[in-house]
**Q** 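Would you mind keeping the following structure in view while I ask a few things?
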Amino acid sequence: MGAFLWTEECTMAWEPNDLEQRRLQKLQRIRSAGLDPYPARTNRTHTAAAAVSALEREGENVAVTVCGRIRSLRLMGKAAFAHIEDGSGKIQLFFRADALGELAMDRLERDYDLGDFVEATGTTVRTRAGEPSVLVSDFRMLTKAISPLPVVKEQQVDGERVRYSAFADVEERYRQRYADLASNAEVRELFRTRARVVAALRQFMDQESFLEVETPILQPIYGGAAARPFVTHHQQLHQDLYLRISFELYLKRLLVGMYDRVYEIGRDFRNEGVSFKHNPEFTQLEFYAAYLDYNQVMELAENMLAYVARQLTGGTSIESEGQTIDLAPPWRRLTLRQAILDTAGIDYTQHPTAKDLAAAMRAHGHQPDPRSSWGKLVDSLLGTHVEPTLIQPTFVLDYPRDISPLAKTKPNDPTHVERFEFFIAGMEMGNAFSEINDPLDQQERFLEMGRLYDAKDEDAHPMDEDYLRAMRYGMPPCGGFGTGVDRLVMLFADRRSIREVLLFPHLRNRE
RNA sequence: GGCCCACUAGCUCAAUCCGGCAGAGCAGCUGACUCUUAAUCAGUUGGUUGGAGGUUCGAAUCCUCCGUGGGUCACCA
């Protein structure tokens, strides 16, 4: 749904259904009684959790006023029970006609529904069943909910939460994430986990003396990754701009500017297909550290993930799709050549041209894209054979030069660069290398890429002259690192789809 | 973009294979009930079966096209 322009002809898209009609009538009845169904102020003295602990510490008869959404309502004629929930948790309300009067009981029965926000004043009490509750002496509407939330009923059985109904339609959960969050407590918990992952990453970087910075999202020239960008336009400047596909080239400019260690956590945008591990916008952590090479970056990376795990769980082991994954350093390290040899049975160094390698792949039953470069073929072997097998955290190192235009060539091997990717749970989680700081080498690499991609035309990447100018002032030797934060959250929250860990994943417009 | 699967009441699902009155639970509504907690008990409303077309005496069901989502493959310096 795009911008909405109001005209006389416009009709509201919303047509109240029967349940909503009912609630609109109740809303009208509340107003007719001279009550405000949407008051601006509340008199809350306790959160639900605070009221419960007040009962536990001070006993019964503590005066409290609590607020929250009605989650259950059990009407029993001259008595009623409800659970309300706020951000701290739930508490039970106990209504009695002899305490409230018949009029108030009638009002509760007639006008209050699941999903409404209410305020209740009363005293703490333990019911016969032992449940901490508020014996209500007064209550009022805080927000009349018009649309009914999906009802999710559950009970505790031997400490386990058993669910009897649900809001489970994946598409509706994503399109109406607010309803998903309101109905499904474990979804709320998941995004708390996400926030803790991000906070732990930030703590780790700060402890390691990195400076957090912010670089442009709107860029005149995009770069730093292999991806198609989104294009937008600045009206007044008459300038096309790109949404960034990585932070890399800007962060390294900052090393030229004499910050030793910088990092950024932010959004990248890539105009590509969507999948269970790709969303058009996603969150990335990149850091650059002067005087480190890719071996030292590996140590930082494994320490970082182990730190996050300890912050979240107290240990370094996590469960992912039924498998136990141990993030404790040091992680396994193997070269890309060895990894492909082990899993695909092809030693790509024996097939040094695209034609040779494609032939070898065909001999192994592959159907390689005949337009692929040698490096692309190697990369596809990595994706199909190696990646799915790497469940425990693994660094795969030393990549072909022609798919790594920003990474330093290995001293004794001009065909490979000092680059690693790391894999956990069968998924690529990040990418890093010893950064090229020779401006003339970098320029040559850009030109090579330009030549390679001119042929295919559509992905031809522009030369970033300003970046080369920065390099010419001198950038210290450094290591750089990038990781997909959403994928880390998938790992720590044990979710199979990136959409599950994005609050508002990208979906096609309806209609 | 290719292929496969799904779309039925506000929610979760059945009926689809093999065409024959579109059903259940929850929610809602009416009533009973002053310690319930998936409250209970009795009664009850609610449907353009994702959309359009076709086949047929008859379509939720079969066919075609479209839409959306999921999966998978492809794409993704």
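Residue numbering restarts at 1 for every chain, and letters A, B, ... go by the order of the sequence lines.
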**Q** Flag the pair A:K410 and A:D398 as a salt bridge only when some basic side-chain nitrogen lies within less than 4.0 angstrom of an acidic carboxylate oxygen.
**A** yes
**Q** Considering only the P atoms, how many Å lie between B:U61 and B:C18, rounded to the nearest integer?
**A**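 Comparing P positions in B:U61 and B:C18 gives a spacing of 14 Å.
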**Q** Sequence neighbours excluded, which residues qualify as ring-ring contact (aromatic ring centres under 6.0 Å, His included) partners of A:H416?
**A**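 So A:H416 forms a ring-ring contact (aromatic ring centres under 6.0 Å, His included) with A:Y348.
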**Q** Please check if any side-chain donor atom of A:Y399 sits under 3.5 Å from a side-chain acceptor atom of A:E421, or the reverse.
**A** yes
**Q** Taking atom C1' in both B:C3 and B:A74, compute the distance separating them and give it to the nearest angstrom.
**A** 11 Å
**Q** Mind jotting down which residue pairs meet the ring pair (Phe, Tyr, Trp, His ring centres under 6.0 Å) criterion with at least one end in residues 129-181 of chain A? Sequence neighbours excluded, please.
**A** A:F95-A:F139, A:Y112-A:F139
**Q** Across nucleotides 28-41 of chain B, 5' to 3', mark each nucleotide with B, S or - according to how protein heavy atoms within less than 4.0 Å reach it.
**A** SS---BBBBBBB--
**Q** Can you find a side-chain donor-acceptor pair between A:S147 and A:E20 that sits under 3.5 Å?
**A** yes
**Q** Report the secondary structure of RNA chain B in dot-bracket form, marking unpaired bases with a dot and bases paired to a different strand with |, and treating Watson-Crick or G-U pairs with both distances under 3.5 Å as paired.
**A** (((((((..((((......[..)))).(((((.......))))).....(((((..]....))))))))))))....
**Q** Given the C1' atoms of B:A59 and B:G53, what is the spacing between them in whole Å?
**A**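 Roughly 13 Å separates the two C1' atoms.
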**Q** Checking side-chain contact (heavy atoms from CB on, under 4.5 Å) for the pair A:R163/A:V152: CA distance, chi angles, key distance, verdict?
**A** CA-CA 7 Å; A:R163 180 162 289 193; A:V152 176; 3.4 Å; yes
**Q** How far, in whole Å, is B:G25 from B:A42 if one measures between their P atoms?
**A** 11 Å
**Q** Between A:R71 and A:E85, does at least one N-O distance fall below 4.0 Å, as a salt bridge requires?
**A** yes
**Q** Between A:R419 and A:S434, do the side chains contain a donor N or O and an acceptor N or O under 3.5 Å apart?
**A**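 Side chains of A:S434 and A:R419: no pair found under 3.5 Å.
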**Q** For the C1' atoms, the ones on B:G1 and on B:A27, what distance do you get once it is rounded to whole angstrom?
**A**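 42 Å, rounded to whole Å.
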**Q** Could you tell me whether the side chains of A:S72 and A:R74 share a donor-acceptor contact shorter than 3.5 Å?
**A**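 Their side chains do contain a donor-acceptor pair, which is all the 3.5 Å distance test asks for.
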**Q** I'd like to know if A:R253 pairs up with A:D464 as an ion pair, taking the criterion as any Lys NZ or Arg NE/NH1/NH2 lying under 4.0 Å from an Asp or Glu carboxylate oxygen.
**A** yes
**Q** Start with the C-alpha gap between A:K252 and A:E248, add the side-chain angles, then the distance that decides, and say whether salt bridge (Lys or Arg N to Asp or Glu O under 4.0 Å) holds.
**A** CA-CA 6 Å; A:K252 283 193 282 191; A:E248 172 149 4; 2.8 Å; yes
**Q** Strictly by modelled atom types, are A:Q284 and A:S246 linked by a side-chain donor-acceptor pair under 3.5 Å?
**A**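 Distance-only check fails for A:Q284 and A:S246.
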**Q** Any protein N or O atoms within reach of nucleotides 69-73 of chain B? Criterion: under 3.5 Å, listing atom names and distances.
**A**
unit_1, atom_1, unit_2, atom_2, d
B:G69, OP1, A:R508, N, 2.7
B:G69, OP2, A:R508, NE, 3.1
B:G69, O4', A:E171, OE1, 3.0
B:G70, OP1, A:R499, NE, 3.2
B:G70, OP1, A:R499, NH1, 3.2
B:G71, OP2, A:R499, NH1, 3.4
B:U72, OP1, A:R496, NH2, 3.1

**Q** Write down the distance separating the P atoms in B:U37 and B:A22, rounded off to the nearest Å.
**A**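 The same atom, P, in both gives a distance of 38 Å.
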**Q** Which value, in whole Å, describes the distance between the C1' atoms of nucleotides B:C73 and B:A14?
**A** 33 Å
**Q** What integer number of Å spans the P atoms of B:A15 and B:U36?
**A**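 Per the computed distance, 38 Å lies between those P atoms.
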**Q** Rounded off to whole Å, could you give me the CZ-to-C1' distance for the A:R163 and B:G25 pair?
**A**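 Between C1' of B:G25 and CZ of A:R163: 16 Å.
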**Q** Distances under 3.5 Å between protein N/O atoms and the N/O atoms of nucleotides 48-50 of chain B, please, pair by pair.
**A**
none

